[in-house]
Amino acid sequence: MTPSGRLRVGMIGLGTVGAQVAARLLERRAELSRRAGLELSLARVLVRDLHRPRAITMAEGLLTTEPAEVLDDPAIDVVVEVAGGEEPARSYLARAICNGKHVVTANKLVMAKHGLQLLELAGRRNVDVYFEAAVGGGIPLISTFRVDLAANYLSRIMAVINGTTNFVLGQMARGRTLAEAVAEAQAAGFAEADPTEDLEAHDAVYKLAIMASIGFGAHVRPEAIYREGIGRVDPVDFPYARELGYEVKLLAYAAQDEQGRVEARVHPVLLPLGHLLGNLEGAANAVYVEGDLVGPVLLQGEGAGGRPTASSVVGDLVDLARSCHRQVQRRPAIEFRSELVMLPMDLVETRAYFRCVLADRPGMLGAMFTVFGQEGVNIAGAMQKETEGDTAEFVVTTHPASDLALRRVRERIAAEEPDIAVRSFIRII
Ligand SMILES: NC(=O)c1ccc[n+]([C@@H]2O[C@H](COP(=O)([O-])OP(=O)(O)OC[C@H]3O[C@@H](n4cnc5c(N)ncnc54)[C@H](OP(=O)(O)O)[C@@H]3O)[C@@H](O)[C@H]2O)c1
């Protein structure tokens, strides 16, 4: 129990997520406190601008622009960080921990890049770090990995975890160009004014780094994850994909083998129509996990938005309050294996889809297939559409090959065959 018999919450941020967290804490205080076993009270909220119009009206004196009033005040027991960005969020979290406060954060960037250091610091200060909201908005992922799946050896995590790209690819499947689809996503509130982090898959990489680290018990750094955004996906690929029995998704994929080698990558994929992750529309997220005891598990829900994300943040607060009430100092530490070996992308085995444009004359196909053959890439299927003019479009799918061999096919065609162009290359799951 905290000395006061209460858990006094200091928040950093009162934007999309923060306003919903505050609303829930203020409007359902009695009910949440009963569930928590001690009184949960919102004591102070740090913002940048006191005069900005807010989605929630706060009592006089609750807002501050002075970080010390949240981070250094001994009357605050837990700091909820819903501000975002790397700095000063990381330093604020570290300072709160050093001051003996528990922290709850929705910040995937900070947790993916600095989570291990914050967890170690929290271990030394005997406080806890909660970060359910950092991955998958309202979908209960971290607690599921940490508690419910703890008995399992997890072999694979596959996720459609970025709502913006899922929405954009869905619109492209309906015939829009990338630019049109992004504009529609922005108009519908599914994309930021600057959508680079999402389109170039940084966001999905941060989320995968956190999930793979917790799920595999191995520290997977974001820099070690292969990343490719959706910028090179062409609307032309969607009808081809559908004809071949696939749809196009941005997939976050992590796997570990019995030797402890971990593969982690985020890139566009062709996913079989009817796959559990394939039917997601718009901003929905889903995570598919395979455990040796439990088998396959699918977790699906709203991966973003103020209310779903507040569900995770406030859930963390109630969990924390319960352990304070039981006088359990903090949850068991997250243990990471040290023998982790990241498999380089070149060694990853994958199937692939190539869309090539060839000069429409004899010998071109033979030349193209020779390159595939010389690189040891076995062709699974091929399809040619009749075209007008002097070029032909040819689609090739391959059997599994190393990513290095698949890259060499592309590089060699570009270097050696001036009349053949590889217009699209998408890996197949
Ligand atoms: N929005 C979502 O759907 C979603 C989903 C999952 C996770 N998250 C994560 O949740 C966090 C918050 O996202 P959001 O969408 O709520 O952001 P937001 O709407 O931009 O709100 C950010 C809030 O933080 C405050 N803030 C920013 N920098 C600050 C600083 N240096 N000092 C004090 N206050 C500061 C801002 O204050 P002012 O209002 O005074 O400017 C604002 O109230 C991010 O880490 C994000 O990745 C968001």
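Both ligands and their constituent atoms are indexed starting at 1 by order of listing.
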Specify the protein heavy atom at minimum distance from [atom]: its residue, its atom name, and the distance to 0.1 Å.
atom: atom 32 (N) of ligand 1; value: Arg48 CG, 3.8 Å
atom: atom 44 (C) of ligand 1; value: Gly84 CA, 3.5 Å
atom: atom 10 (O) of ligand 1; value: Ala106 CB, 3.5 Å
atom: atom 33 (C) of ligand 1; value: Val47 C, 3.6 Å
atom: atom 25 (C) of ligand 1; value: Gly13 CA, 3.6 Å
atom: atom 13 (O) of ligand 1; value: Val17 CG2, 4.1 Å
atom: atom 12 (C) of ligand 1; value: Val82 O, 3.2 Å
atom: atom 47 (O) of ligand 1; value: Lys108 NZ, 3.1 Å

Could you tell me whether the side chain of [X] and the main chain of [Y] form a donor-acceptor pair under 3.5 Å?
X: Asn162; Y: Ala204; value: no
X: Asn99; Y: Lys101; value: no
X: Arg351; Y: Thr398; value: yes

Problem - ligand 1 versus Arg52: contacting region, heavy-atom distance under 4.0 Å - result: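 For Arg52, the contact with ligand 1 is made by the side chain alone.
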Practice task
Indicate, as side chain, backbone, both or neither, the part of Pro88 found under 4.0 angstrom from ligand 1 when only non-hydrogen atoms are considered.
Solution key: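 Contact part for Pro88 vs ligand 1: side chain (C-beta onward).
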Find out whether [X] and [Y] are in side-chain contact, i.e. whether some heavy atom of one side chain is under 4.5 Å from a heavy atom of the other.
X: Leu40; Y: Arg29; value: no
X: Arg322; Y: Arg35; value: yes
X: Val220; Y: Met342; value: yes
X: Arg156; Y: Tyr253; value: yes

Exercise for the section: If the plane angle is over 60° it's perpendicular, under 30° parallel, otherwise tilted; pick one for Phe167 and Phe190. Expected result: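 It falls in the tilted class, 30° to 60°.
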Find all atoms of ligand 1 within a distance of less than 4.0 Å from any non-hydrogen atom belonging to [X], and give their numbers and elements.
X: Asp49; result: 40 (O)
X: Ala133; result: 6 (C), 7 (C)
X: Asn107; result: 45 (O)

If the threshold is 4.0 Å, N to carboxylate O, is there a salt bridge linking [X] and [Y]?
X: Arg34; Y: Glu31; value: no
X: Glu197; Y: Lys108; value: no
X: Asp73; Y: Arg8; value: no

Mind checking whether [X] has an N or O less than 3.5 Å away from an N or O of ligand 1?
X: Leu14; answer: yes
X: Tyr92; answer: no
X: Gly15; answer: yes
X: Gly305; answer: yes

Exercise for the section: Check whether any protein heavy atom sits under 4.0 Å from atom 19 (O) of ligand 1. Expected result: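 Yes, there is a protein heavy atom closer to it than 4.0 Å.
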Practice task
Give a yes/no verdict on whether any heavy atom in Arg54 is under 4.0 Å from an atom of ligand 1.
Solution key: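 So Arg54 counts as touching ligand 1.
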Handout entry: Between Tyr353 and Tyr246, ring centroids under 6.0 Å
Key =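 When the ring centroids of Tyr353 and Tyr246 are compared, they turn out to be at least 6.0 Å apart.
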